2 protein chains.
Amino acid sequence: MMSFFDEQAVTSSDKAFFRMRKEIVEGEIAAGSKLSEMELSTKYEVSRAVVREAINRLESCHLVERKANVGARVVTLTPEGLMELYQIREALEGMAARLAAQHMTDTEIQDLEGLLSSQFDEVKNQHSYYQEAGDLDFHYRIILGSKNASLISMLVNGLYHLVRMYRVQLGMAGPRVTTAFDEHKHIVRAISNRDPELAEILMRRHIQYSKNNIATKLASNQSHF
Amino acid sequence: MMSFFDEQAVTSSDKAFFRMRKEIVEGEIAAGSKLSEMELSTKYEVSRAVVREAINRLESCHLVERKANVGARVVTLTPEGLMELYQIREALEGMAARLAAQHMTDTEIQDLEGLLSSQFDEVKNQHSYYQEAGDLDFHYRIILGSKNASLISMLVNGLYHLVRMYRVQLGMAGPRVTTAFDEHKHIVRAISNRDPELAEILMRRHIQYSKNNIATKLASNQSHF
DNA sequence: ATATTGAAAATTGTCGACAATTTGTGGCGA
DNA sequence: TCGCCACAAATTGTCGACAATTTTCAATAT
């Protein structure tokens, strides 16, 4: 079950970057907090230069924001920011689904169907639920299936870590399991039918549903204050 | 006629970054060529550190590609790459138009209509043609009108320089002036009618037309070998 | 008490030198 | 002649120190 990218750290900056990204996404480094180069360099036992480079890369992912001569801060998570993110996902992953319907090979589509049915078995036998990992795997395959290198890079290296950060920190593990699963099935069917228009429409609706689901959840959370 | 972002260089890396970006986009630094840190640092009379940081930022824009312990190269321009770029533009700017129809203020829409009519006068009186600058300005305003900060950053800081690089180096100044102008008019009308669906559809078709136009041009160029 | 100024402390930006890795080159052996 | 290994040259990665800028805070004046 090899699936998504094993980006392996070759350089010291890579390690720092991956570690910081993990800590930021999982909230170990708080959202909105300041990133002190000195502090981090002592914490990770590396030079400031590698911390700087790591911070620069985190900025490319939109995980931190930098101001010249002032410093870098982890992005702050706002409901509006999350909605903006899902609008972008809708546009890009909709296009990815359209392209996947055109460019995925027959065997890739078969593998994708196989993934869904294995996930179906897991859910049915209640050995596990249809959780985030499965959802991610599904979306990754379609993104890769688009065969559009720029699009892939944008989503995999850029947006998805941000999305994960929101999910983890705002507690969006949530249900929406069986419905999401059905939506996935319909999307795959459109792809295997080589119907780009429908694949795009279904993917966009799928992401819209997620977005709405999250929006209501956010609203109810906010009222608990 | 103040319009798009005056990003002003505050630090030395900023200057290096802007300069290198300009030289890459305009082909002064050839596509596909290697970027030697040492060489550039002597050329710009700055330390290697600032060149490194500039290169990192260029990588964020997808203008250069880096491999660890090997170096950075300017991206190579391929017809496929350009088509991929336009697919992403179609998705993102389509969404931008949709959001602009929802979020632009009435005065912003009026300004946009004003821009179009002034451009119309220029074209009609043949004092100038409807060239790239005008087209860029139009697209910029709609992108900004989306009010989606992440989307704006992605397009303005990321994609547009790449698009410009392709346009400049593959000589896509081209005609398509009056038709593009009409398309712009229809898009603005949809926005002023607060019709997000139509605005998105028209923007996507507008970009598809550009893409097809460029594709045929590329094909004819390629046959000249 | 509040606002302003100015110096001190802390943080980021830049630099040159050293370490690690890759690349180029020549010689050796099959 | 071809391939392989070792050594040298060049390039990138990392480091600590210094410069420039921002922030802090206390002293002063209104």
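Just so it is clear: chains get the letters A, B, ... in the order the sequence lines come, proteins before strands, and each one is counted from 1. The model shown is predicted, which means the values in this text are computed figures rather than measured ones.
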Q: Report yes if a side-chain nitrogen or oxygen of S13(B) is closer than 4.0 Å to either non-bridging phosphate oxygen (OP1 or OP2) of dT14(C); otherwise report no.
A: yes

Q: Is the shortest distance from a Lys or Arg side-chain nitrogen in E37(B) or R52(B) to a carboxylate oxygen in the other one below 4.0 Å?
A: yes

Q: Report yes if some heavy atom in the side chain of Y160(B) is under 4.5 Å from a heavy atom in the side chain of R164(B); otherwise report no.
A: no

Q: Given dT12(C), is OP1 or OP2 found less than 4.0 Å from the side-chain N or O atoms of K34(A)?
A: yes

Q: Any base atoms under 4.0 Å from L35(A), or only sugar-phosphate, or nothing? Heavy atoms, all strands.
A: sugar-phosphate

Q: Using a cut-off of less than 4.0 Å, is there contact between a side-chain N or O of R66(A) and OP1 or OP2 of dG13(C)?
A: yes

Q: Mind checking whether F138(A) and H184(A) have parallel, tilted or perpendicular rings, split at 30° and 60°?
A: parallel

Q: When you check the phosphate oxygens OP1 and OP2 of dG13(C), does a side-chain N or O of R52(A) lie under 4.0 Å from one of them?
A: yes

Q: Which of these nucleotides, dT12(C), dC15(C), dT12(D), is closest to any side-chain atom of A49(B)?
A: dC15(C)

Q: Picking from dT12(D), dT14(D), dG13(C), which would you name as closest to the side chain of S36(B)?
A: dT12(D)

Q: Just the rounded figure in Å: distance from C1' of dT12(C) to CG of N69(A).
A: 6 Å

Q: Among dT11(C), dT23(D), dG13(D), which nucleotide has an atom closest to any side-chain atom of V70(A)?
A: dT23(D)

Q: K67(B) has an atom NZ; how far is it from atom C1' of dT11(D), in whole Å?
A: 14 Å

Q: For the side chain of S47(A), starting at C-beta, report the closest nucleotide among dT12(D), dT14(D), dG13(C).
A: dT14(D)

Q: Any side-chain N or O of T11(A) less than 4.0 Å from the OP1 or OP2 oxygen of dT12(D)?
A: no

Q: Choosing from dT11(C), dT14(C), dT21(D), which nucleotide comes nearest the side chain of S12(B)?
A: dT14(C)

Q: Between D14(A) and R19(A), is the salt bridge (Lys or Arg N to Asp or Glu O under 4.0 Å) condition met? List the steps.
A: CA-CA 8 Å; D14(A) 290 340; R19(A) 180 169 171 186; over 6 Å; no

Q: Measure CZ/R73(B) against C1'/dT23(C) and give the value in whole Å, please.
A: 13 Å

Q: For the side chain of R48(A), starting at C-beta, report the closest nucleotide among dT21(C), dT12(C), dT11(D).
A: dT12(C)

Q: Which residue lies toward the 5' end of DNA chain C, V10(A) or E45(B), if each is placed at its nearest nucleotide?
A: E45(B)

Q: Tell me which nucleotide among dT11(C), dC15(D), dG13(D) gets nearest to the side chain of V46(A).
A: dC15(D)

Q: dT11(D) C1' sits how many Å from I55(B) CD1, rounded?
A: 12 Å

Q: May I ask you to test the F18(A)-E7(A) pair for a side-chain heavy-atom distance under 4.5 Å?
A: yes

